[in-house]
2 protein chains.
Amino acid sequence: MSERFNIVIADDHPLFRSALRQALGNAYPDTTWLEAESADTLQQTLDNNSQLDLIILDLQMPGSHGYSTLIHLRSHYPAIPVVVISAHEDTKTIAKAMHYGSCGFIPKSTSMEDLAAALDLILQGETWLPAGLDLSKEDISEDGDFANRLAELTPQQYKVLQMFGEGLLNKQIAYDLEVSEATIKAHATAIFRKLNVRNRTQAVIALSQLEVNNPVL
Amino acid sequence: MSERFNIVIADDHPLFRSALRQALGNAYPDTTWLEAESADTLQQTLDNNSQLDLIILDLQMPGSHGYSTLIHLRSHYPAIPVVVISAHEDTKTIAKAMHYGSCGFIPKSTSMEDLAAALDLILQGETWLPAGLDLSKEDISEDGDFANRLAELTPQQYKVLQMFGEGLLNKQIAYDLEVSEATIKAHATAIFRKLNVRNRTQAVIALSQLEVNNPVL
DNA sequence: ATCCCCCTTAGCCAAAAGTCTAATATGGGT
DNA sequence: ACCCATATTAGACTTTTGGCTAAGGGGGAT
């Protein structure tokens, strides 16, 4: 055991990140821990590290719309397993996380011992779920179409879409990403085509359908 | 007892509307029941009936964003009590409904006897909540600012905002409402000013913050 | 009668959004 | 070496959006 793993903790709460890191540090002494506080910094972490073994992902992060980050990760980095960790723990939330390619679901209420046991399984390529769960009743599939469309976006397009979701103008996005406004427009057109919408407002509406606990789904 | 009441049932599920109506018809034989299946038809019902005694409101309706309808009703028809009825029944959802001016909260799992008893109280001007509830832990107040701003919208402005939320163009909205595009633009400018946003995308984003079970709040 | 609010509309203008073509650059894979 | 996906940009263009001014009509309240 105890290989040299590279594990990312993506959660917007600093206290939770360090608690998780500390709790698991004993069980995995040779592991390199990386932290990301937003979808943005998570993307940077992915860009800068080629050998990642696991992403521990919170569903609520600034600049991320619920499951959208999970969908994007699974489609563009299929080799890296993602385990979702969340304060929500109803079966629907869990079923959706699994449906979108998570290799496990860890409620934040999980004890630290269970957590270490869960990581063991997951790092071996298994899946892990809280005990005593019946997901058979949960029928997802509704928005499968949009999820597939979202998965077609390139990383940069995905980033631009997220910034649409923050209400930014093309000009502001171009400034933030340090590219020209023409580039943003080009991305926008590509995004709309892939998502099958006509303008940015419809794109944002579609994106918000992936919010955690959205009653629509 | 048994006055002549006018009660509106606003729920997008036809089966549920008739079930409710049938169940309560016995307890309130002289009551006129009105049904609305969307925020739109609810608005029409309000326009056409001056003497309404109660609105039974589901939080999930087509063209309505969670609490936005409740906020709008309470600000523009303060004399008409609104009781929220919902499949969600966590304390946060309930606390928010009460915070936004609901005079009660009825989970859809409530028995028909309890339901009749609840209506009795509510029609007397009292409030009603499921037994054994502790809302003291729930702290809302976060988006009070936006709720106040939303309450400033006139009925027509509110309707236009909802259609922004459906991703419609000014041209389409004008056609649907049978007014000119100039009118929609005038409403749009007023909406943005009242909501303190700069464009329609930001308005839609703000509106979606009022979604039921939105983790942001 | 008067005031005020809401709804309506037109016309003008500026800004932003969105489409299209065409071109360059880079990196990975075959 | 070559192909391909991605990212970048410019330029020209159309459409949509949004703000501003001005103005008329209707209804309710004082």
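Please read these numbers as outputs of a predicted model, since none were measured by experiment. Proteins get letters first, then strands, A, B, ... in listed order; numbering begins at 1 in each.
Protein atom CD1 of B:Ile191 is 10 Å distant from nucleotide atom P of C:dC7, rounded to whole Å. The nearest whole Å value for the distance from the CD atom in B:Gln157 to the P atom in C:dC6 is 7 Å. Taking atom CZ of A:Phe164 as the reference point, atom P of C:dA16 lies 14 Å away to the nearest angstrom. If you measure from atom NE2 of B:His76 to atom P of C:dC6, you get 7 Å, rounded to the nearest angstrom. Counting to the nearest Å, the P atom of C:dA16 and the CD1 atom of A:Ile173 are 13 Å from each other. Going from atom CG of A:Leu177 over to atom C1' of D:dT8 covers 12 Å, rounded to whole Å. Atom P of nucleotide C:dC7 and atom NZ of B:Lys194 are separated by 8 Å, given to the nearest angstrom. Distance CD (A:Gln202) to P (C:dA17): 15 Å, rounded to an integer number of Å.
Between A:Asn170 and C:dA17 there is a side-chain polar atom (N or O) within less than 4.0 angstrom of OP1 or OP2. Phosphate proximity of C:dT19 to A:Lys185: absent, as no side-chain N or O sits under 4.0 Å from OP1 or OP2. Between A:His187 and the phosphate of D:dT8, there is a side-chain N or O to OP1/OP2 separation shorter than 4.0 Å. Contact annotation: A:Thr154 side-chain N/O to D:dA5 OP1/OP2 distance is not under 4.0 Å.
Contact annotation for A:Thr183: base contact, defined as any heavy-atom pair under 4.0 Å involving a base atom. Counting non-hydrogen atoms under 4.0 angstrom, A:Thr189 reaches a base of the nucleic acid.
Contact between B:Ile85 and B:Ile56 at its shortest, heavy atoms only, is CG2-CG2, 3.9 Å. Between B:Ala27 and B:Ala116, the shortest heavy-atom distance links the atoms CB-CB, 4.4 Å. The shortest non-hydrogen separation linking A:Leu153 to A:Ile191 is CD2-CA, 4.1 Å.
The cationic atom of B:Lys108 (NZ for Lys, CZ for Arg) lies less than 6.0 Å from the six-membered ring centre of B:Phe16 and within 45° of the ring axis.
By the 4.0 Å N-to-carboxylate-O rule, B:Glu35 lies close enough to B:Arg17 to be salt-bridged with it.
Of the candidates C:dT19, C:dA17, D:dG18, the closest approach to any side-chain atom of A:Arg200 belongs to C:dA17. Listed candidates were D:dG18, C:dT9, C:dC20. Nearest to the side chain of B:Phe192 is D:dG18. Comparing atom distances between the A:Val179 side chain and each of D:dT16, D:dT8, C:dC7 picks out D:dT8 as nearest. Of the candidate nucleotides D:dT17, D:dA10, D:dA7, D:dA7 has the atom nearest to the side chain of A:Pro155. Distances from the side chain of B:Ala182 to the nucleotides D:dT8, D:dT6, C:dA10 place C:dA10 closest.
Place B:Lys171 and B:Arg198 on DNA chain D by their nearest nucleotides, and B:Lys171 ends up nearer the 5' end.
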